[in-house]
Amino acid sequence: MKFGRREFEPASWSILLTAAGTALFLALGIWQLERAALKDSIQARFEQRLAEDYHELSATDDLSDVQYRKLRFRGRYHGEHHFLLDNQVHQGRAGYQVITPFYLADSDHIVLVNRGWAAWGESREPLPAILPADAGGTVSGIAFVPSEPALALGEVELGGNWPQLIPYVDLAALRRQYSEQILPLVLWLAPEQPGAYVREWDPVWLPPEKSRAYAVQWFSFAAIALILFVALNLRKTE
């Protein structure tokens, strides 16, 4: 194929390689845009439910639509049992989140309360002492329904010593620890509740703007691949 005094004759392998690379870059860019849209919808739902009032619930109430709702329970903390959720990062620092079981009043049910984040010290051994929890008879927070992570960093294996370090919240594994029934949610403790741990709750790890920036990068790679394909295969004729 000739364009004036230039000839465009790419090799078959370069056509296939460019087509595959461009398709891959475009697919990754579209995937990041879809992730950004999903994060936007999650953020919108989260902010909408933050504007609602607290709902005081018991174990017998309907819990099918509690994600990000502001809930309040009556009962008491378990003063000795605490779970440390590992691999939690806050402002670039590695740490853990403290999860303490909360026994519901007049019930044999438990709700797991995430009391917030704390930084690791110089070593993880021994595990840090956990500050006592005092709810004054009621605990308030934001409901979060955990799901198994796509990349599970180890399994939840419980021992007999407390506190216990866990890589993620596995409700099935934690239920084996208690004779009481654990509700299918984790309560992110409200900032106005007493406690010394950091509570800055966000339902998404990275903001949607990050995903859009990644999408622009992938689309740019696709454009660069096409430009290089043309430039390297367009030769001047004698």
Side-chain angles (χ1 to χ4, degrees), residues 46 49-50 52-88 95-118 126-149 152-203:
F46 182 70
R49 294 199 160 180
L50 279 186
E52 299 175 357
D53 294 330
Y54 279 101
H55 301 269
E56 185 165 329
L57 297 183
S58 65
T60 58
D61 291 325
D62 182 18
L63 300 175
S64 61
D65 185 29
V66 296
Q67 185 77 301
Y68 308 136
R69 287 196 182 279
K70 293 163 64 177
L71 304 181
R72 180 177 292 120
F73 295 95
R74 290 183 296 153
R76 59 178 178 82
Y77 277 114
H78 193 301
E80 298 178 357
H81 289 185
H82 308 281
F83 299 98
L84 305 185
L85 183 59
D86 200 4
N87 303 309
Q88 303 301 304
Y96 57 93
Q97 292 176 350
V98 178
I99 298 178
T100 303
F102 186 85
Y103 288 80
L104 303 189
D106 303 323
S107 171
D108 60 350
H109 287 71
I110 290 174
V111 61
L112 300 176
V113 180
N114 190 328
R115 297 165 54 199
W117 177 91
L127 292 177
I130 303 303
L131 299 174
D134 181 15
T138 60
V139 66
S140 302
I142 303 167
F144 173 71
V145 180
S147 59
E148 186 172 342
L153 301 177
E155 297 181 355
V156 176
E157 298 180 356
L158 304 179
N161 298 322
W162 297 94
Q164 298 202 31
L165 191 66
I166 57 176
Y168 58 93
V169 177
D170 185 345
L171 290 177
L174 299 183
R175 282 173 178 143
R176 292 193 290 268
Q177 184 71 43
Y178 293 93
S179 58
E180 295 82 3
Q181 300 182 47
I182 298 179
L183 297 187
L185 62 96
V186 173
L187 194 68
W188 290 343
L189 188 61
E192 62 268 18
Q193 289 275 290
Y197 298 107
V198 178
R199 283 161 281 169
E200 295 180 2
W201 306 119
D202 196 330

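Both backbone and side-chain heavy atoms feed into the values below; hydrogens, waters and symmetry mates do not.
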Which residues share a side chain to side chain contact (heavy atoms under 4.5 Å, CB included) with [X], sequence neighbours left out:
{"X": "P163", "answer": "H82, L84, L127, I130"}
{"X": "R199", "answer": "L189, Q193, W201"}
{"X": "Q67", "answer": "R45, F144, V145"}
{"X": "R175", "answer": "L171, I182, P184"}

N/O donor-acceptor pairs under 3.5 Å from side chains in residues 108-116, not counting sequence neighbours:
from	atom 1	to	atom 2	distance (Å)
H109	ND1	S107	OG	3.0
N114	OD1	G116	N	3.1
N114	ND2	Q97	OE1	2.7
R115	NH1	T100	OG1	3.1
R115	NH1	L131	O	3.3
R115	NH2	L131	O	2.8
R115	NH2	P132	O	3.4

Any idea which heavy atoms bring [X] and [Y] closest together, and the distance?
{"X": "Y197", "Y": "A118", "value": "CD2-CB, 3.7 Å"}
{"X": "A133", "Y": "Y77", "value": "CB-CD1, 3.4 Å"}
{"X": "D62", "Y": "V66", "value": "O-CG1, 4.2 Å"}
{"X": "A143", "Y": "L185", "value": "CB-CD1, 4.5 Å"}
{"X": "Y96", "Y": "P128", "value": "OH-CG, 3.3 Å"}

Once side chain to side chain donor-acceptor pair (under 3.5 Å) is applied, do any residues pair with E192, and if so which ones, sequence neighbours excluded?
Y54

Residue set satisfying side chain to side chain donor-acceptor pair (under 3.5 Å) with E80, at least two apart, ordered chain then number -> none

Take the angle between the ring planes of W162 and H81 and call it parallel below 30°, perpendicular above 60°, tilted in between.
parallel

Check: E52 side chain, L50 main-chain N or O, donor-acceptor pair, under 3.5 Å
no

Verify, without hydrogens or angle tests, whether K70 (side chain) and S140 (backbone) share a donor-acceptor contact under 3.5 angstrom.
no

Taking atom [atom1] of [X] and atom [atom2] of [Y], what is their separation to the nearest 0.5 Å?
{"X": "I99", "Y": "L174", "atom1": "CD1", "atom2": "CG", "result": "7.5 Å"}
{"X": "R74", "Y": "L104", "atom1": "CZ", "atom2": "CG", "result": "10.0 Å"}
{"X": "Y168", "Y": "Q88", "atom1": "OH", "atom2": "CD", "result": "13.5 Å"}

According to salt bridge (charged side-chain N to carboxylate O under 4.0 Å, His left out), who are the partners of E200, at least two apart in sequence or on a separate chain?
none

By salt bridge (charged side-chain N to carboxylate O under 4.0 Å, His left out), R72 pairs with (sequence neighbours left out) none

Please list, chain by chain and in numerical order, all residues satisfying ring pair (Phe, Tyr, Trp, His ring centres under 6.0 Å) with [X], sequence neighbours excluded.
{"X": "Y68", "value": "F46"}
{"X": "H55", "value": "none"}
{"X": "F73", "value": "none"}

Quick check on side chain to side chain contact (heavy atoms under 4.5 Å, CB included): which of V98, V169, I166 does F83 satisfy it with?
I166

Heavy-atom count around D65 CG within 6.0 Å, excluding the residue itself: above 12?
yes

